[in-house]
Every structure is written in C-alpha cells, then in structure tokens.
J.: 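My questions will all concern the structure given below.
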Number of protein chains: 2
Amino acid sequence: MATPGTPTERRAVGAAGPKGEAIAAAALRLFLRDGYERTSVDAIAAEAGVSKRTVYNRYGDKENLFLSVLRDTYKSMMMTFRGIAEKHLGDVTDVRQDLTAFALEVALTMTTAPDRIALVRLIMSEAPFFPGLITAEQGAATMTGIITACLARLAGEGRLAISDPAEAAGHLVALTINRINARTMFGVLPVSDAEAERIVTSGVAAFVRAYRPAPPGPAA
Amino acid sequence: MATPGTPTERRAVGAAGPKGEAIAAAALRLFLRDGYERTSVDAIAAEAGVSKRTVYNRYGDKENLFLSVLRDTYKSMMMTFRGIAEKHLGDVTDVRQDLTAFALEVALTMTTAPDRIALVRLIMSEAPFFPGLITAEQGAATMTGIITACLARLAGEGRLAISDPAEAAGHLVALTINRINARTMFGVLPVSDAEAERIVTSGVAAFVRAYRPAPPGPAA
DNA sequence: GTCTATACCGAGATAGAC
DNA sequence: GTCTATCTCGGTATAGAC
C-alpha cells in the first residue's frame, strides 16, 4: 500500500499503466492479424516486450485479455463513428450531399484503415465462440440509432418521405457502408477509395430516389 | 489392386467413394460448427467413423481437406441459388412481387439453414489465411450476375429505370439478402422468418421506388 | 514488491509408423 | 486401427534483478 494516489495504484486489473497498455496494444495487433486461436500468449508477451507472467498477472487468462481488448477497441470505433455522424448529420442543408459526405467518410475510414476491417472480421469470426462478445446488435443499433434520429428529423421537415425511420436507416446503411463491408469481407482485396466513392455516391442516390417526397404538384 | 472396375477403384484423391464422402460430410459439419483451428483431424475421423489414417490417405492433410470440402459446399450453394433465381426471375410478370418472392426464398433458405450462415461466416473468417479460398468475389459475381441479367431485361422493357444494371443488382442484394446476412453475422441470434420477410418486403419496395420508371404523363 | 527469464507441466495437435 | 514421435499451447512455478 505504498504511495497511495499515484497512477500505479489504481491498476486493479486490466490495461492501466504503461505495461498494461503495451500488452493491450500488442494483443490487439496480433489478434487482428492472426485471429484468436492462432495467436499465442507467448507471442503477445514478446510483442509487448513483457514477460509472459506479467500478461497473466494483468489479465488473468487469454480469453479475458481478448474480450477486454476487443471491447475497448470496438467502443472506440463506435465513438469515432459517432463523431463522424454528428459532424455531417448535425444540421443537414443538402440532403443528398450531406448524406453522401457522411457515408463516404465512414466508408473511407473503414477502407483506409485495415484495422477496422480486421476488427469486424474478427468479431464476426469469434462471435459464436464468445457469446456476449458484443452486447448483441448493440453495434448496429448504435450506428443506425443515430442515423434514424437524423432521418426522422428530415422526415418531419418534409424533406424525405419516410414512414419508418429505423427501416430507412437500415436501407441507407445497407446501400453504402454495408455494401463496402461485404466487398471487403469475402476476398482480401481491398476496395480502392475511388471504388468506395462510387459505391457510396450511387447508394445514396438510390436511397434519395426511394425516399424522395412526392412533388407538390404536376409540372411540365 | 483387387476387383478392378469397381467403384472403389477410381478414388485417386478426394471424396470419391462412400468413405470419402463420409469424411467430407463429417469434416464439413465440424468445420462449420467449430471453425478450422478448433477442429482436429481426430474428431473428423471419429465423426466419420473411419481411421485417421484413412483421412490422411484420401486428403493428404488438414488444409487440403478443408479447402476441398469448402469449395464443394460453396459451389453447391451457388447452384442452389442459381436454381432459385431462374425459378423466380425466368419470366417476370409483376416486378415487385416476383423480386420479393425471389429474395424471400433466398433469404429463408439462408435463414432456415444454419449451415449457410456458418458457411459464409467460415469463409469470411478464414479468407485471410487461405488466399484463393474462393476465387475472389466469384461468389458475389455469380449471384449478382444472374440478377444483373434479369434487371437489364426489365430495363430494356421499360419496366424499371435502370442505367447501370450491375449497380442496381448490387443495390437489390444489399437491400435484401445482405441486410439479413449482416444481421445474422454479428450476433448469433437467428433472424426469424417473419423478420426476414419484413426486411425483404421493405427492401424490395425501396428498390422498386428507387428504380421505378417515370410515369408516361402528368395525371391527377 | 513487481517485472524478467526460464524451465516446466499436462493436454492436445498434426502427421506418420507400424 | 493403434501406437508413437514431435511440436505447440495455456498456464504455473521458480529463480533472480531493479
């Protein structure tokens, strides 16, 4: 119980302290690259520049380390996405343009960073073996929840003809982000930025066509 | 070299012969359930009711068995989908209705059979570790290729306003099949048939709205 | 006291040898 | 079909170093 109040004191368990964070970073890197089963605790310890014993002291066992690291990373990913959404969907001036800019930034953030792809792939891969890895659809709910609120607002203003905002949000995500995700998941070939832009632009265009409000009156 | 000409003679390598098929079936079941790393050759041999030696005689090693079994299963899945597509899209009378029936049957085939979900998940999981597992987007190409042809025909007949049939096919798949896939991939909770029907119906409706041809003239 | 290093244990894996 | 060789893994224990 020496030096109470110092930073080193509140590291009951987990990633607190520089050592703990080095372990977490190394574990994340290897798990993302090799998956759960193919990653050994020895390798993690070596990658972190730490004794294996330290890994076990901090995280108990491999499974706990895996869950801890993945949950933290996933949470931070969701924070990033939330920021992007608020930036673009805070106040919408041009519907098609702002939705495109939003989806495009999300898409490029995923496409540019192979970590994101690997993270999603890893979560999907291990979901059957670690029930409760993600709090069950909490992921999609976070994303579509924000979009749903925005679409409901646009519908209220008469700028889009949407009766079920949640369903419409699902459609928007499906036509843009999920399409790129699906492309990257199967093969390993990365989607180029130009291709991502094409997909997003065309997806938002289709979305806007599907949900455009009826014209006020017959013209031409 | 006894009994030449009998079925047991032409088993150069692979799944020919009843033993080979038993091995393939057992391997598929265990790989789908447990993944590649968590499945042992011992378990496969036991499940197939054969000696482990027989497994190695037929398939060489674990990796080859995995690739062989997955490719065959994937091919057969694609054949199934092709059949469904031709059944519903051979000649389209009511666009919305026929597209819905098509997508719904595909969706229910995937939703009802957990094998399909597990297969897709397994391919995604192991894609980085077995380059060339699937011939790179050949999967999506098969599906969307068929749909593309159908949509091009409908566009030619003026029944849908489609300038890029391949892109439109991507949108249709994204709004229906891929949406259900995404739902099942993250969590493990299965999507109910009713939920699948709701998603497909709403997805096709949005698709038809996005690609409906312009009305011939102002009415009302 | 905590971290490092290393040796160690039992289990289970692939692959091959009778 | 069994049996064995060899390897790796998760996890622990034992030693010493700052």
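So that the names make sense, note that chain A is the first sequence line, chain B the second, and so on, each numbered from 1. Keep in mind that what you see is a predicted model, and the values were worked out from it rather than measured.
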J.: Could you tell me whether Lys62(B) sits above the aromatic face of Tyr56(B), with NZ or CZ closer than 6.0 angstrom to the six-membered ring centre and within 45 degrees of the axis?
T.: no

J.: Give the rounded distance in Å between these two atoms: CG of Asn57(A) and P of dA5(C).
T.: 15 Å

J.: Could you give the CZ-to-C1' distance, from Arg38(B) to dG10(D), as a whole number of Å?
T.: 14 Å

J.: In whole angstrom, give the distance that lies between atom CD of Glu37(A) and atom P of dT8(D).
T.: 16 Å

J.: What do you reckon, are the aromatic ring centroids of Phe66(B) and Tyr59(B) less than 6.0 Å apart?
T.: no

J.: OP1 or OP2 of dT8(D) versus the side-chain N and O atoms of Ser40(A): is any pair under 4.0 Å?
T.: no

J.: Mind calculating the distance between CZ (Arg53(B)) and P (dT4(D)) to the nearest angstrom?
T.: 17 Å

J.: Just the rounded figure in Å: distance from C1' of dA5(C) to NZ of Lys19(A).
T.: 13 Å

J.: Any side-chain heavy atom of Ile84(B) within less than 4.5 Å of one from Thr109(B)?
T.: yes

J.: Please report, rounded to the nearest Å, how far the C1' atom of dG16(C) is from the CG atom of Asp42(B).
T.: 13 Å

J.: Centre-to-centre under 6.0 Å for Tyr36(B) and Phe129(B), is that the case here?
T.: no

J.: Could you say whether Ser51(B) or Asp61(A) is positioned toward the 5' end of DNA chain D, judged by the nucleotide with the nearest heavy atom to each?
T.: Ser51(B)

J.: Base, sugar-phosphate alone, or nothing: which one does Val50(A) contact when heavy atoms must sit under 4.0 Å apart?
T.: sugar-phosphate

J.: Tell me: NZ of Lys62(B) to P of dC7(D), nearest whole Å?
T.: 19 Å

J.: In whole angstrom, give the distance that lies between atom NZ of Lys52(A) and atom C1' of dT2(C).
T.: 19 Å

J.: Does Gly49(B) reach a base, just sugar-phosphate, or nothing at all? Heavy atoms under 4.0 Å.
T.: nothing

